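Computed over heavy atoms, backbone and side chain alike; hydrogens, waters and symmetry mates excluded. On a predicted model such as this, the values are computed, not experimentally measured, just so you know. Every chain is numbered from 1, with letters handed out A, B, ... down the list of sequences.
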2 protein chains.
Amino acid sequence: MKRDMFTCGLDAALAVIGGKWKPLIMFHLAHDTRRYGELKRAIGAVSHKMLIQQLKELEVDGLVHRVDHKEIPPRVDYSLTEFGQTLANALVPLCEWGTAHATEVSEMMTNREARTR
Amino acid sequence: MKRDMFTCGLDAALAVIGGKWKPLIMFHLAHDTRRYGELKRAIGAVSHKMLIQQLKELEVDGLVHRVDHKEIPPRVDYSLTEFGQTLANALVPLCEWGTAHATEVSEMMTNREARTR
DNA sequence: CCGTATCCATTGCGATACTG
DNA sequence: CAGTATCGCAATGGATACGG
């Protein structure tokens, strides 16, 4: 069915987007450049500390480009680098999978809660 | 903390394979069914507790199929369900990305260490 | 508005020991 | 060999306050 090439590029990929919020960040930057506040609102569930922290790591890793306009009030734009864009592309099938199976997944989550109690 | 809907498919996908070792497990089961011990050796860095735990979750979520042969000594086979296989397929591009950019990623990691110090 | 720093509760996870 | 249970430390991550 498939070839045995996966031992294991996945390791490398996970080292980069393994962070809890990184895939989401990548996703939201995939099409547009966004200001910090926009990202925060777009993701919502993430805390300020986490978002800043993960953005910083993505920046250091060369996936995200950060532009500080040095204005008052502050204005900072985030966007994907070319490199980051290639990774975002690799994330697309996963995103589509999630969309296609959203209902099944929702049921799972409720089952999990029932089990934990 | 309960969530009602997923803002993008990625949310749903992450809810399922968000666990630290789950993507690796999925990929090691993508081709063959494996015994517990085989998986443990294949992944290596994972601890016994973690592997059992994550396998259990994957099983409950209907991604992994578990067969206990009730033998002595114990023999338990793990494999992907049809559903699990669809998810494994969605992970392939990510795996390929990691393979293609393994060297860049390695450099990143060393840079990270330099930064932490 | 954007970013840093601190405190502190919660969790993650490894080590270890025990069962069938 | 496969799985469960417990203990305890280290990392995670949220809340809050402060500064440009």
Side-chain angles (χ1 to χ4, degrees), chain A residues 11 14-25 28-29 32-61 63-79 109 112-113 115-117, chain B residues 1-3 11 14-25 28-29 32-61 63-80 109 112-113 115-117:
Chain A
D11 277 326
L14 290 175
V16 177
I17 41 149
K20 192 175 181 184
W21 301 99
K22 290 181 183 177
L24 268 326
I25 295 172
H28 284 286
L29 290 179
D32 311 296
T33 145
R34 295 284 189 105
R35 294 186 55 173
Y36 170 81
E38 292 178 311
L39 271 178
K40 181 73 170 62
R41 257 171 281 116
I43 302 183
V46 70
S47 71
H48 174 60
K49 178 183 173 181
M50 276 298 100
L51 185 51
I52 287 281
Q53 178 184 305
Q54 306 257 308
L55 278 170
K56 183 97 174 198
E57 289 182 17
L58 289 173
E59 186 195 353
V60 169
D61 286 349
L63 298 164
V64 162
H65 183 60
R66 178 178 178 274
V67 178
D68 187 341
H69 293 281
K70 312 273 187 184
E71 296 174 357
I72 303 276
R75 177 187 184 85
V76 180
D77 287 334
Y78 289 94
S79 59
M109 303 312 288
R112 264 196 208 168
E113 288 171 25
R115 194 173 53 84
T116 318
R117 206 173 349 106
Chain B
M1 184 215 306
K2 177 177 271 208
R3 66 172 44 169
D11 273 326
L14 291 175
V16 178
I17 40 148
K20 190 175 181 184
W21 300 99
K22 290 181 184 176
L24 269 327
I25 294 172
H28 283 287
L29 291 178
D32 312 296
T33 142
R34 295 284 188 105
R35 295 186 55 174
Y36 170 80
E38 292 179 311
L39 271 179
K40 181 73 172 60
R41 257 172 282 115
I43 302 184
V46 70
S47 72
H48 174 60
K49 179 183 174 182
M50 277 297 100
L51 184 52
I52 286 281
Q53 179 182 305
Q54 306 257 307
L55 278 171
K56 183 95 173 197
E57 290 182 16
L58 289 172
E59 185 195 354
V60 169
D61 287 348
L63 297 164
V64 162
H65 185 58
R66 179 178 177 275
V67 178
D68 187 340
H69 293 281
K70 312 272 188 185
E71 296 174 356
I72 303 272
R75 177 185 185 84
V76 179
D77 286 335
Y78 290 95
S79 58
L80 292 189
M109 303 313 287
R112 266 196 207 165
E113 288 169 25
R115 196 173 54 84
T116 317
R117 210 172 343 109

Look at the side-chain N and O atoms of A:Tyr36 and state whether any lies under 4.0 Å from the OP1 or OP2 oxygen of C:dT4.
-> no
Please tell me which of the listed nucleotides, C:dC1, C:dG3, D:dA2, lies nearest to the side chain of A:Tyr78?
-> C:dG3
Distance, rounded to the nearest Å, where A:Lys49 contributes NZ and C:dT6 contributes C1' = 9 Å
Between atom CD1 of B:Ile52 and atom NZ of B:Lys49, what is the distance when rounded to the nearest 0.5 Å?
-> 12.0 Å
Check every atom of D:dG13, C:dC2, C:dC13 against the side chain of A:Pro74 and return the nucleotide holding the closest atom.
-> C:dC2
Contact class for A:Pro73 vs. all strands (heavy atom < 4.0 Å): base, sugar-phosphate, or nothing?
-> sugar-phosphate
When the distance from NZ of A:Lys20 to C1' of C:dG12 is rounded to whole Å, what number comes out?
-> 12 Å
How long is the span from the CD1 atom in A:Ile25 to the CG atom in A:Leu55, to the nearest 0.5 Å?
-> 4.5 Å
Counting just side-chain N and O atoms, does B:Lys56 come under 4.0 Å of either OP1 or OP2 of D:dT4?
-> yes
Once you round to the nearest 0.5 Å, how far does CD of A:Glu38 lie from CG of A:Leu29?
-> 10.0 Å
Rounded interatomic separation in angstrom, taking CZ from A:Arg35 and P from C:dC1 = 8 Å
Does B:Arg66 place a side-chain N or O at less than 4.0 Å from the phosphate oxygens OP1/OP2 of D:dA2?
-> no
Could you tell me the separation between the CE atom of A:Met50 and the P atom of C:dT10, rounded to a whole number of Å?
-> 17 Å
From NZ of A:Lys22 across to P of D:dT12 the rounded distance in Å is 11 Å
CG of B:Leu55 versus C1' of D:dA2: gap in Å, rounded?
-> 11 Å
Nucleotide D:dG14, atom P - distance to CG of A:Leu51 in whole Å | 11 Å
State the CE-NZ distance between B:Met50 and B:Lys40, to the nearest 0.5 angstrom.
-> 12.0 Å
Pick the nucleotide of DNA chain D nearest each of B:Ile52 and A:His48; which residue has the one closer to the 5' end?
-> B:Ile52
D:dA2 phosphate, OP1 or OP2, under 4.0 Å from B:Arg75 side-chain N/O = no
So how far is it from B:Tyr36 OH to B:Arg66 CZ, rounded to the nearest 0.5 Å?
-> 11.5 Å
Atom CG of A:Asp68 and atom P of D:dG20 are separated, to the nearest Å, by 15 Å
